[in-house]
**Q** 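First, the structure itself, so that you have it in front of you.
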Amino acid sequence: MSIRIDKDKCVGCMKCLEVCPGSLIEEKDHKAHMRYPKDCWGCVSCVKECKFSAIDFYLGADIGGNGSTMNVSIEGEILHWNVKKSDGTMITIDVNSKDSNKY
Amino acid sequence: MNKKLGHKIVHTDVLIIGGGTAGCFAAVTVSRNSSLSVVIAEKANIKRSGCLAAGVNAINAYIIEGRTPEDYVTYATEDAKGIVRRDLLLTAAERFNSVTAAMEEMGLVILKDEKGNYAARGNRNIKINGENFKPLLAKAAKEAPGVTVLNKVNMTDLIVEDNEVKGAIGFRILDEMIYEIRAGAVLMATGGAAGLYRPNNPGFSRHKMWYPPFNTGAGYAMGILSGAEMTSFEMRFIALRCKDTIAPTGTIAQGAGAKQMNSLGEDYERKYGITTSERLYGTVKENLEGRGPCYLKTSVVGEEKDEELLKAYLNMAPSQTLKWLEAGKNPSEQDVEISGTEPYIVGGHTASGYWVNTKRETTIKGLYAAGDVSGGCPQKYVTGALAEGEIAALDIISKLHKGYKESVDQSFVASKIEEYETILTGDNELFTAQELEEAMQKIMDEYAGGITAYYQFNETNLQLADEKISQLLKLWENLKARDMRELLEVYELRERLIVCKSVIAHLYHRKETRWHCFNENLDHKDTDKAYYKYVNSKMTDKTLKMIYRDIVEGAEYEHKD
Ligand SMILES: Cc1cc2nc3c(=O)[nH]c(=O)nc-3n(C[C@H](O)[C@H](O)[C@H](O)COP(=O)(O)OP(=O)(O)OC[C@H]3O[C@@H](n4cnc5c(N)ncnc54)[C@H](O)[C@@H]3O)c2cc1C
Ligand code: SF4
Ligand code: SF4
């Protein structure tokens with residue numbers, strides 16, 4: 001489990017760096033840079049914080065990762081979870097933050 | 001030439017170390033009930049730091065209609081085979097519902113049934129949307145009058161004089177600044193300890209563990225070094241989790257009703273008993289005897305539950321949802337393989353932590369402990385952390401009311417500053433902190449009952465473990481750091497090594513097997529009545545002294561000796 005930062009989309013706001021519970025991200029040339037890819041907990045806090053969809057997260061191959069990536073875009077109360085599978089197909093699951101878990 | 005760091009001195013009535021669940025709620029409590037000043041020193045950022053970063057799936061400790069706090073105490077006592085503090089369990093349980101109501105007021109979404117009551121999951125749980133639990137709580141703490149939040153400030157040591165706490169010292173990770181914080185009372189709320197043992201996924205995904213890898217046992221280590229008494233470090237917590245993603249299983253097990261099955265399709269759930277440790281033990285045994293892997297049988301719970309399960313996991317452990325999507329198979333199409341995790345030390349699930357009185361004051365005057373760092377009160381979970389934060393905060397208010405004396409002694413602080421600056425002199429000669437961490441995890445795994453040892457050990461193993469960890473502590477003294485982030489790594493390693501020493505000593509001194517897997521002692525395979533006691537420890541003159549204490553029966557406990 002780790003994250004990948006797209007340098008072209010990153011505007012250098014450093015919100016991801018601030019929020020990461022492990023302080024794993026650093027600033028490099030005015031952009032966010034993942035300093036410790038192996039130390040990511042997979043909490044996706046940084047992904048939720050990035051308003052520019054510049055951060056994707058993925059599963060390491062050692063835990064069954066197969067090349068899919070995921071990010072979240074937030075619109076009001078709705079969290080759109082976007083998964084891009086390795087064959088290019090997209091899946092989106094919308095979760096309303098006002099709905100509780102059913103189980 | 002040593003690097004010169006900046007030095008800020010902060011004065012506050014109350015210092016809270018760790019702005020997690022317990023710490024944030026304690027800050028809100030102090031603010032609402034007094035005019036005392038509060039500083040939260042948080043190594044990350046309170047918005048998403050600690051256990052709640054990704055979200056939680058339910059409130060695990062709640063008194064549902066028809067049940068009482070006493071029922072909860074009975075349940076938790078039986079689950080831990082008697083080694084609990086009933087005074088702590090009861091005082092926490094009495095607050096489970098009021099702290100939940102406080103969270104609902106802050107905006108937490110809780111599922112209600114047709115009658116408007118909270119929807120129960122089993123006998124003690126209620127269902128929530130836990131994705132934004134932490135941001136809601138953090139916002140309340142940040143906005144509370146009188147509360148100052150210092151994010152990215154990592155504390156390393158307590159300032160204690162004549163067994164009375166005077167503050168703490170640490171540094172900011174983002175710039176070269178030391179923080180010396182002087183206070184009238186200190187609440188330790190740094191959570192438990194992960195990363196002591198070799199993890200489930202030791203390679204690239206080494207931090208894909210259940211407990212936050214950033215909770216490194218700092219609060220335990222600070223207490224141990226200052227001579228605070230600690231309890232039950234031998235009651236390790238080992239979770240039964242979804243394999244690979246190490247995501248929680250409660251939502252598919254208790255929530256959707258999936259049963260534990262071995263590879264032959266046999267339901268082994270009740271064969272080994274139903275306490276937390278027995279459920280895990282059953283899975284370990286099935287594997288050992290060739291009937292693995294084990295699963296949660298989601299393929300029979302019905303495809304109508306798929307969508308909600310995918311969503312529920314997004315709200316707490318998104319990697320599990322990604323795993324389902326990536327495989328192209330929904331929960332109903334594929335059983336979920338389960339495995340035991342590496343052992344953690346965590347007072348919110350089992351009972352390891354500070355030995356506190358009923359008000360959560362430790363054996364060091366003015367130092368309190370709440371949440372996963374505090375001992376004797378297992379299965380308190382998220383509501384227990386909130387409750388303990390509140391109990392400690394209220395006692396701090398009543399004590400500080402009478403005033404306190406600040407200390408002016410600089411000698412300890414000066415020695416710490418020198419330590420930081422010496423470490424910051426550049427490149428390592430031979431080993432790095434990460435390499436020593438790996439060595440530590442290997443030792444704990446092989447000699448102190450980790451995953452590859454099926455959680456078992458004998459006393460010879462433990463002696464070897466102790467020797468080897470002591471060697472690493474010596475090597476620690478030569479570590480160097482090139483910047484503040486590396487300095488953090490150096491201190492995280494020290495915390496873990498100190499906690500490891502205590503874990504080994506506690507395992508060694510409970511000469512019985514009271515809980516399968518948690519302390520599976522091959523030299524003493526049965527439970528022994530003589531060990532119906534707490535195993536406690538306290539550091540004096542740099543050596544750990546073990547103390548056996550009788551089980552506390554009274555409703556109120558105060559430190560005497
Ligand atoms: C993945 C996971 C899922 C869980 N799910 C549930 C659930 O569904 N229901 C439930 O009831 N309970 C659940 N729990 C348990 C519950 O979340 C915890 O028991 C509770 O949140 C612990 O609170 P705490 O304040 O003790 O620790 P935390 O909330 O972890 O706070 C500790 C804080 O201290 C900070 N810190 C650590 N070291 C230092 C230092 N040296 N200096 C400064 N700051 C420091 C950390 O960054 C962190 O912010 C779960 C736990 C985990 C890990
Ligand atoms: S939050 Fe997004 S845009 Fe901002 S620094 Fe991080 S990656 Fe870049
Ligand atoms: S997923 Fe979590 S741990 Fe990983 S980099 Fe992002 S914020 Fe940090």
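Convention: sequence-line order gives letters A, B, ...; per-chain numbering from 1.
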**Q** Is B/R48 in contact with chain A via its backbone, its side chain, both, or neither, using a 4.5 Å heavy-atom distance?
**A** both
**Q** Within a 6.0 Å radius of atom NZ on A/K7, are there more than 12 heavy atoms belonging to other residues, nucleotides or ligands?
**A** yes
**Q** Tell me, side chain or backbone of B/Q434 under 4.5 Å from chain A's heavy atoms, or both, or neither?
**A** side chain
**Q** What is the ring orientation for B/Y344 with B/Y211, classed by angle as parallel under 30°, tilted 30 to 60°, or perpendicular over 60°?
**A** tilted
**Q** Where does B/N315 contact chain A at under 4.5 Å (heavy atoms): side chain, backbone, both or neither?
**A** side chain
**Q** Side chain, backbone, both or neither: which part of B/K152 has a non-hydrogen atom closer than 4.5 Å to chain A?
**A** side chain
**Q** Heavy-atom cut-off 4.5 Å, strictly under: side chain, backbone, both or neither for B/E489 against chain A?
**A** side chain
**Q** Of the backbone (N, CA, C, O) and the side chain (C-beta and beyond), which part of A/D87 lies under 4.5 Å from a heavy atom of chain B, both, or neither?
**A** neither
**Q** I'd like to know which of A/R35, A/E26, A/K85 tops the heavy-atom pair count under 4.5 Å against chain B.
**A** A/R35
**Q** Taking atom types as modelled and ignoring hydrogens, do the side chains of A/E18 and B/N45 form a donor-acceptor contact shorter than 3.5 angstrom?
**A** yes
**Q** Just give me the residue among A/S97, A/A61, A/G42 that pairs up with chain B most often, heavy atom to heavy atom, under 4.5 Å.
**A** A/S97
**Q** For residues A/M34 and A/C40, determine if any side-chain heavy atom of one lies less than 4.5 Å from a side-chain heavy atom of the other.
**A** yes
